[in-house]
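A, B, ... follow the sequence lines: proteins, then strands. Residue 1 opens every chain. Owing to the predicted nature of the structure, the values given are computational and were not obtained by experimental measurement.
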Number of protein chains: 2
Amino acid sequence: MTITIKDVAKKANVSIATVSRIVNNKPGYSKETEKKVLEVIEELGYHPNAIARGLISKRSHTIGVLVPKLSSMLMSEFISGIENIAHQFGSSVIICHTESNGKKTMQYLELLREKQIDGIIFSSEVLTEEYYQFMKKMDVPIVLLSTVSFDYPVPYVRVDDQHAAYTATEYLIKKGHRNIGMISGTKEDVVAGQPRIDGFTQAMDRNKLPVTNNIVAAPGFGYEDGKEAFKQLITQNPDVTAVFAASDELALGVISTAYQMDIKIPDDLSVIGYDNVSLAEMSIPPLTSVGQPLSTMGEKATEMIFEMINTNQSVESRIFPHEIVERQSVKELKKE
Amino acid sequence: MTITIKDVAKKANVSIATVSRIVNNKPGYSKETEKKVLEVIEELGYHPNAIARGLISKRSHTIGVLVPKLSSMLMSEFISGIENIAHQFGSSVIICHTESNGKKTMQYLELLREKQIDGIIFSSEVLTEEYYQFMKKMDVPIVLLSTVSFDYPVPYVRVDDQHAAYTATEYLIKKGHRNIGMISGTKEDVVAGQPRIDGFTQAMDRNKLPVTNNIVAAPGFGYEDGKEAFKQLITQNPDVTAVFAASDELALGVISTAYQMDIKIPDDLSVIGYDNVSLAEMSIPPLTSVGQPLSTMGEKATEMIFEMINTNQSVESRIFPHEIVERQSVKELKKE
DNA sequence: TTGTACGCGTTATCAC
DNA sequence: GTGATAACGCGTACAA
């Protein structure tokens, strides 16, 4: 038997309306009745039922977050920021790990619709037509986190991947490297794949450095992917002096493989990663990486959701700055 | 304007009762009306409102998960398993990162109560009196994941930490090590601290190996903690040939510091970690570790929650087996 | 300042 | 087979 507002009202000899006012700090009651009701509430251990409230207010105080199951390092930092802000706004967060599987994503979206969530942070895959149409019908605020949409007017929070890749490459070049390899994602990946490749080639081009057999596209962004890709890279281009990896796990893979091949990092080979997850500092040697303010980005995305909820109009997208976090995996190459 | 069961009923010229029956597959309607109603549902794009349903059924189809903000590596694997099963049961998961801060934990518990969640997986800190009493009043199933309670009858899912630590230590001893150091958690930590220390000393004792200055208690289980602790260990006991670290991150810290001190792993020093998170395989050299079936444990805990919900009675606790995952950070010590 | 009564969207219990 | 109608727990016009 859960105890309800009625029980309080009865015991306090007031109407449920009065109790409701007091609970919600709406004006319209005397100090005395307040005191009395508060006492009864305490005595009975009454607590409002958010479900019943939600039915009226049409707000569930819950937001949904769609993230890919992979790359959990990245996501846990995003989620940390998201949850932090959501909690400040008195809302909770439902995490949906989509394992970049279209079907499961749709299942989750249906779940979120049923639950009447107040907003969605979409951080998986690309925003496809199917997802977009579905969410649009749900009629709740959406923001894209570290993802892009093709043609739909959905605000996003991310870094400029191409620019970041450009910066990383140029960093390597400034350190004196000429023959630089890249372990990239796939070209089909319009978020973390092609743009970073573009940034890389752009930097190489502007510095009049050839890009012939320098790029190996890994099927994913994981550690094993990095190992395999590096083997291929070193085979097709044995003279590389530096590698730009499109993720930190990828970078760890190359470091590991290099270690096995007795290639010293950074003496024989410089390596720079991407994302600057906590892993990076734990690497041996500590990994220089392109840092994104992951937690902050998660926070901003969440703030945008609530702003959209409260103002009922869209907000501006936000590109966050990236930075090179220098550690010890890159070495300056002496001119000869 | 969300469209409701009423809209469907009106348009289909039936009562809302009939629509409800059809939506929920309750008997009591003809094939024809079913067809008609289904068409209207499709046409209008009607979807039941889980909040309204929850108000009646008293089930929110949501479970709450309390996890510490730290040790996110561990937690993300737990959560993966939890979410997987929860989704199979048609429920969603609210994650609450408690940052092992008593106040925030209570705030979250209050949030979960308001939201009328159906069950709680508690995986932070120790289950204190305060938490237990609160949750007990909520009157929902609870299971402890990788945690213990003092005296309360709450089912749990975990490994036998003491035994696992014993196994790890004995593994090192079998490899010929005699002077073995341990980087532990704090003694006050009755979950991952003292039990692992006990397992360690027990193994040492049984093998008649002295434990004098072999143990350094780190304040936490992180990378930096490991670095600091190892510095202390190597100072107070320069002859250690092997180290048992109470977490993988701790182990990475010792490997890193050892590397800086030009101590070769595993040639000069063997290291074994604990948890076997994904990090372990990415270490250089790959880290031998005591593995827990993290994802499976999360799954089991969740299954237990739903069993308790459905049967309305408690379930048995479950101790999962651990295993030594051999990689390359431990070397057999030659007898002299 | 306070109470009455209706509605939120749904399910369940009756009648018919 | 089908349809009113009363809950579920709460917020809020409106009236008093």
Side-chain angles (χ1 to χ4, degrees), chain A residues 1-38 40-41 44-62 90 111-118 138-140, chain B residues 1-38 40-41 44-62 90 110 113-118 138-139:
Chain A
M1 246 316 287
T2 47
I3 95 121
T4 78
I5 201 172
K6 278 185 192 164
D7 303 318
V8 176
K10 191 180 296 177
K11 183 140 191 171
N13 286 319
V14 295
S15 70
I16 64 167
T18 300
V19 177
S20 177
R21 289 185 191 105
I22 291 170
V23 169
N24 297 294
N25 287 314
K26 306 264 180 186
Y29 49 86
S30 69
K31 268 290 173 212
E32 307 162 57
T33 52
E34 175 181 15
K35 182 162 172 285
K36 185 172 187 181
V37 168
L38 253 25
V40 175
I41 285 178
L44 261 41
Y46 165 75
H47 302 282
N49 180 328
I51 295 201
R53 278 180 161 172
L55 193 55
I56 295 186
S57 68
K58 308 241 184 220
R59 281 194 52 177
S60 61
H61 290 279
T62 305
L111 189 76
L112 294 177
R113 175 178 57 194
E114 276 186 23
K115 289 265 171 86
Q116 315 290 123
I117 49 141
D118 301 331
M138 288 175 70
D139 194 31
V140 296
Chain B
M1 244 321 283
T2 47
I3 94 120
T4 79
I5 201 173
K6 279 186 192 165
D7 303 317
V8 176
K10 191 179 297 175
K11 183 140 193 171
N13 286 318
V14 295
S15 72
I16 61 171
T18 300
V19 177
S20 178
R21 289 187 191 102
I22 291 171
V23 169
N24 296 295
N25 287 315
K26 308 263 182 188
Y29 49 86
S30 68
K31 270 288 173 215
E32 306 161 59
T33 51
E34 175 181 15
K35 180 162 174 287
K36 185 172 184 181
V37 169
L38 253 25
V40 174
I41 286 178
L44 260 41
Y46 164 75
H47 302 281
N49 180 328
I51 294 200
R53 279 180 161 170
L55 191 57
I56 293 188
S57 68
K58 308 239 182 221
R59 280 194 53 177
S60 60
H61 290 277
T62 305
E110 281 166 24
R113 175 177 57 194
E114 278 187 22
K115 289 263 170 90
Q116 315 288 121
I117 50 140
D118 301 331
M138 288 175 71
D139 194 32

*Roughly, in whole Å, what's the span from CG in A:Asn25 to C1' in D:dT12?*
16 Å
*Could you give the NE2-to-P distance, from A:His61 to D:dC10, as a whole number of Å?*
14 Å
*With respect to the phosphate group of C:dG3, does any side-chain polar atom (N or O) of A:Ser15 fall under 4.0 Å of OP1 or OP2?*
yes
*Looking only at side-chain N and O atoms, does A:Ser30 come under 4.0 Å of OP1 or OP2 in C:dT1?*
no
*Do any side-chain nitrogens or oxygens of B:Lys6 fall under 4.0 Å of OP1 or OP2 in C:dC8?*
yes
*Expressed in angstrom and rounded to an integer, what is the separation of B:Arg59 atom CZ from C:dT10 atom P?*
19 Å
_If I take atom OH in residue B:Tyr29 and atom C1' in nucleotide D:dG1, what distance separates them, rounded to the nearest angstrom?_
11 Å
_Protein-nucleotide distance (B:Ile51, atom CD1; D:dG11, atom P), rounded to Å_ = 14 Å
*Presence of A:Lys58 side-chain N/O under 4.0 Å of D:dG11 phosphate oxygens OP1/OP2*: no
*Are OP1 or OP2 of C:dT1 and a side-chain N or O of A:Thr18 less than 4.0 angstrom apart?*
no
*Could you walk me through whether A:Ile41 and A:Val23 pass the side-chain contact (heavy atoms from CB on, under 4.5 Å) check?*
CA-CA 9 Å; A:Ile41 285 178; A:Val23 169; 3.8 Å; yes
*Can you name the residues that form a salt bridge (Lys or Arg N to Asp or Glu O under 4.0 Å) with B:Lys115, not counting sequence neighbours?*
none
*Give the B/S/- string for nucleotides 11-16 of chain C, one per nucleotide from 5' to 3', where a protein heavy atom under 4.0 Å of the base yields B, of only the sugar-phosphate yields S, and otherwise -.*
BBB---
*Can you tell which of B:Arg113, B:Glu110, B:Glu114 makes a side-chain hydrogen bond (donor to acceptor under 3.5 Å, both in side chains) with A:His47?*
B:Arg113
*Lys/Arg-Asp/Glu bridge criterion (N-O < 4.0 Å) met for A:Lys35, A:Glu32*: no
*In whole angstroms, how far is the P atom of D:dG9 from the NZ atom of B:Lys115?*
19 Å
_Interatomic distance where NZ belongs to A:Lys10 and C1' belongs to C:dT4 [whole Å]_ = 16 Å
*Atom CE of A:Met138 and atom CG of A:Asp118: how far apart are they, to the nearest 0.5 Å?*
10.0 Å
*asked:* Using side-chain contact (heavy atoms from CB on, under 4.5 Å), reason through B:His61 and A:Leu111 one step at a time and then give a plain yes or no.
replied: CA-CA 10 Å; B:His61 290 277; A:Leu111 189 76; over 6 Å; no
*Hey, does A:Arg53 have a side-chain heavy atom less than 4.5 Å from the side chain of A:Asn24?*
yes
*Tell me, do A:Ile22 and A:Leu38 make a side-chain contact under 4.5 Å, heavy atoms counted?*
yes
*Closer to the 5' end of DNA chain D via nearest nucleotide, is it B:Ala52 or B:Asn13?*
B:Asn13
*Scan B:Thr2, B:Asp7, B:Val40, B:Ile5 and name whichever one has a side-chain contact (heavy atoms from CB on, under 4.5 Å) with B:Tyr46.*
B:Ile5
*Value in whole Å for how far the P atom of D:dC10 lies from CD1 of A:Ile22*: 14 Å
_End axis versus end axis in the helix from C:dT1-D:dA16 to C:dC16-D:dG1, the angle rounded to 10°, five pairs used at each terminus_ = 40°
